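Letters A, B, ... mirror the listed sequences (proteins, then strands); counts begin at 1. Just so you know, these numbers use all the heavy atoms, side chains as well, and skip hydrogens, waters and symmetry mates. Remember, predicted model here, so these are calculated numbers, not experimental data.
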Amino acid sequence: MAGMPDELGGPQPGGGQLATDPKLPATAVDDAAREAEDKNWTPAKIALWAAIALLGGIAWFMVAIIRGETVNAIWFVFASVCTYLIGYRFYSKVIERYITKPDDRRATPAEYKADGRDYVRTDRNVLFGHHFAAIAGAGPLVGPIIAAQMGYLPGTIWIIVGVVLAGAVQDYLVMFFSMRRGGRSLGQMAREELGVIGGTAALVATLLIMVIIVAILALVVVNALGESPWGVFSVGLTIPIALFMGVYLRFLRPGKVMEVSLIGFVLLMAAIIGGGIVAETEWGAAFFSLDKVTIAWGLIVYGFIAAILPVWLLLAPRDYLSTFMKIGVIVMLALAIIVVRPEITVPAFSEFASRDNGPVFPGALFPFLFVTIACGALSGFHALIASGTTPKLIEKERQTRFIGYGGMLMESFVAIMALVAAISIDRGLYFAMNAPVALTGGTVETAATWVNSLGLAGVNISPDLLSETARNVGEESIVSRTGGAPTLAVGLAHIMQQFIGGTAMMAFWYHFAIMFEALFILTAVDAGTRVARFMLQDSIGNFAPKFKEHSWRPGAWLCTAIMVGAWGAVLLMGVTDPLGGINTLFPLFGIANQLLAAIALSVCLAIVAKRGTFKYLWIVALPLAFAAVVTITASFQKIFSPVPAVGYFANNAAFSKALGDGKTEFGSAKTVAAMEAVVRNTAIQGWLSVIFVVLSIIVIVTAILATARAFRNHRAGIANKDHEDEARASRVFAPAGLIPTPAERELVAEWNELPADLRFERAGHH
Amino acid sequence: MGAGLSAIVTGFRGFSRYLGGVLGADAYSKYVEYHRGTGHHEPPLSEREFWRDRTDRQDSTPQGRCC
């Protein structure tokens with residue numbers, strides 16, 4: 001198969017006709033040499049991959065088949081890492097060979113558009129970390145925990161298999177195609193490839209999806225901080241810390257990013273420790289115990305101010321802090337799990353795996369498990385990062401596989417570790433923490449009674465365990481702390497205290513976890529509001545050109561207010577929802593995120609078809625079909641299901657009827673006002689589902705039409721118009737992956753021998 | 001012992017350089033390198049000016065952060 005021209009010969013932009021500078025060494029490893037290297041299966045290499053496959057196989061066997069009384073967490077690590085390695089080494093290479101077909105003789109935007117600022121060639125390993133820090137946030141830490149309701153196995157399989165066949169494929173393709181287009185955004189690519197209708201639908205869908213995603217992330221923070229003086233104090237302190245860092249970087253020591261990040265980190269730790277002391281005092285407990293509605297309003301006001309403040313003052317410094325924490329936390333979590341190796345007692349499939357009335361999130365395993373876990377398996381939001389920022393920094397085309405595909409595998413690993421942390425805690429505790437107050441009743445006694453009444457195998461929880469755990473983590477209560485973040489924090493504290501510090505340190509680790517989750521989420525909320533505001537300004541600008549001027553204050557403030565108002569309304573709706581908030585809204589988050597994935601994959605499908613690659617179109621079509629089926633089924637169930645717990649409109653009708661019958665309480669709503677709130681909320685959620693699914697179907701259909709048109713043109717021998725930037729010859733070389741191959745090493749050595757004046761010469765003198 | 005210690009120091013330096021790269025702490029030195037490489041005649045921005053310009057431009061070109 002190798003080297004066989006894939007199809008009848010669509011236009012191969014630039015390939016082969018690039019004039020390279022004879023004074024320079026080759027800018028790409030010779031194709032034949034690379035092929036030979038790839039095909040050269042030495043005994044050592046065969047043994048290595050056989051060992052990886054064997055270890056992975058054993059690990060999967062331990063996790064999925066044996067399932068004795070307990071399973072050790074280390075098997076999750078082996079199963080995932082071995083599968084990632086195999087997926088990376090084999091599947092992503094198939095994508096590279098037959099779909100992306102990178103050409104290192106072509107200059108990347110970082111080379112031909114180099115400006116020393118936005119377009120800068122960046123070392124591949126550094127860019128890997130940079131890209132990873134941009135895509136990974138609180139999402140992979142929350143979804144898997146909520147999905148643990150179904151048992152550990154469905155989530156584990158979806159996270160690991162999903163990332164290899166869907167999530168990483170999407171990230172890689174979007175990044176590569178955006179790079180070939182000078183770093184264009186997903187919205188611009190959609191407009192070019194799908195036409196005005198598809199492009200506009202994609203834009204509107206993206207905007208709405210961002211609102212939902214920001215709102216539900218904010219809801220996770222509010223739920224974690226409600227009635228928690230320690231959490232409110234330490235997370236609140238991140239704002240003055242970031243402001244201080246901003247001023248430090250702007251006026252005192254510009255450019256000393258590492259220094260200020262270290263200072264910020266130390267202050268952050270002090271804030272966590274200080275929070276424990278303050279929460280102990282009477283005034284501290286009184287002043288910082290805020291109810292969820294107050295915190296939600298605080299967050300809304302904060303969100304507006306943060307989005308109109310200059311970037312240097314708040315956003316940039318907090319981003320440094322968040323990145324710093326992100327890398328530290330993930331290394332720490334991996335180390336702790338490998339060292340502590342907790343035993344997992346949760347069943348592979350829980351009693352709720354075959355039912356549709358789970359207390360944490362309603363709905364059957366298919367499709368709702370697949371929307372509950374979005375980040376970590378397939379996250380459409382990544383397409384916004386993979387198009388735009390990262391492609392402007394890539395040094396060589398072949399590196400996109402490592403950065404795009406590899407970066408997403410790394411996020412999936414974070415999701416697996418979060419899942420392990422969540423399922424290492426007692427199962428009764430898990431349900432007491434994650435079910436809404438309407439079910440648990442809110443006190444340790446009622447919660448314990450309710451959990452024990454579920455009839456779950458091996459679950460017999462005492463009120464004492466609930467109050468003791470709360471005491472250990474320094475909280476008033478842990479009953480109905482929904483949203484995933486507190487559960488992860490308890491799980492992490494449980495694992496970390498065995499690693500460092502013992503029970504005495506549990507409260508610190510709990511609040512450390514809450515702190516970093518809040519930090520990630522607040523950064524995402526800020527950045528999301530800003531990005532959404534600019535999208536809105538540009539859209540309004542098509543009718544009122546004044547809005548396109550980003551520096552025009554009234555326009556900027558108005559659009560910021562609209563976006564904050566939109567997510568703030570959804571947030572308040574979630575916080576005050578009598579049905580629980582997270583369990584009704586989280587499916588909407590997953591659906592929104594994966595509809596965005598379907599949109600991104602649709603754009604990729606059209607591009608791949610236009611490039612004339614039909615034989616391997618299934619590589620894109622497979623995840624697209626899966627995402628489309630899952631999200632459209634989930635949306636339809638949310639819209640049409642007659643089961644009130646699942647269908648928004650069924651619930652709406654049930655509560656409307658109860659109100660009409662003159663009832664003053666119904667289900668978990670104990671007052672008429674609460675019943676009216678349910679009617680209002682379910683109507684909004686239902687109509688949002690309708691809008692999302694309609695927009696996404698429009699995008700998918702336009703993509704399929706574009707694909708069919710490309711196929712017809714291809715058969716008729718008409719060249720499809722492609723939107724890639726013109727190919728320019730590269731004048732630099734760098735290896736493609738983490739470890740350079742022998743041929744790459746030889747070439748690097750040649751480049752190193754080059755006189756310095758030639759080596760630093762850049763393409764396109766300005 | 002001396003060799004082991006210096007290996008640790010080198011490892012730590014490498015790690016902090018890597019972390020700095022991920023955070024974008026080396027943006028100014030890369031800018032200066034670029035400026036020199038392209039043979040501009042006017043002097044490069046000072047470090048203070050460069051960082052001001054960088055964050056001010058981010059005001060109008062927001063970068064997404066994911067969930």
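The candidate from A/Pro310, A/Ser261, A/Ala316 with the greatest count of non-hydrogen atom pairs under 4.5 Å with chain B is A/Pro310. Residue with the most contacts toward chain B among A/Ala524, A/Ser379, A/Ala134: A/Ala134 (heavy-atom pairs, distance under 4.5 Å). The candidate with the highest count of non-hydrogen atom pairs below 4.5 Å against chain B, out of A/Val311, A/Asp319, A/Val257, is A/Val311. Of the residues considered (A/Gly137, A/Gly255, A/Pro140), A/Gly255 shows the highest number of contacts with chain B, using heavy-atom pairs under 4.5 Å. Annotation: maximal heavy-atom pairing with chain B below 4.5 Å, among A/Phe132, A/Phe128, A/Trp312, occurs at A/Trp312.
In this structure, B/Trp51 has its ring center no closer than 6.0 Å to that of B/Tyr28. Under the 6.0 Å cut-off for aromatic ring centres, A/Phe586 and A/Phe589 qualify, their centroids lying closer than that.
With respect to B/Arg57 and A/Asp118, a salt bridge is recorded, a charged nitrogen being found less than 4.0 Å from a carboxylate O.
Judged by the 6.0 Å and 45° rule, A/Lys256 forms no cation-pi pair with A/Tyr248.
Both the backbone and the side chain of B/Ser16 come within contact range of chain A, with heavy atoms under 4.5 Å apart. The contact between A/His130 and chain B is made by backbone and side chain atoms together, counting heavy-atom distances below 4.5 Å. Residue A/Thr389 touches chain B through its side chain alone, counting heavy-atom pairs closer than 4.5 Å. For chain B, the nearby part of A/Ile385 is the side chain; its heavy atoms alone come within less than 4.5 Å.
For the residue pair A/Asp171 / A/His131, no side-chain donor-acceptor distance below 3.5 Å is found, with atom types taken as modelled.
Ring geometry for B/His35 against B/Tyr31 counts as tilted: the plane angle lies between 30° and 60°, on a 0 to 90° scale. Note on ring orientation: taking the six-membered ring where Trp is involved, the planes of A/Trp552 and A/Phe547 are perpendicular (angle over 60°, cut-offs 30° and 60°).
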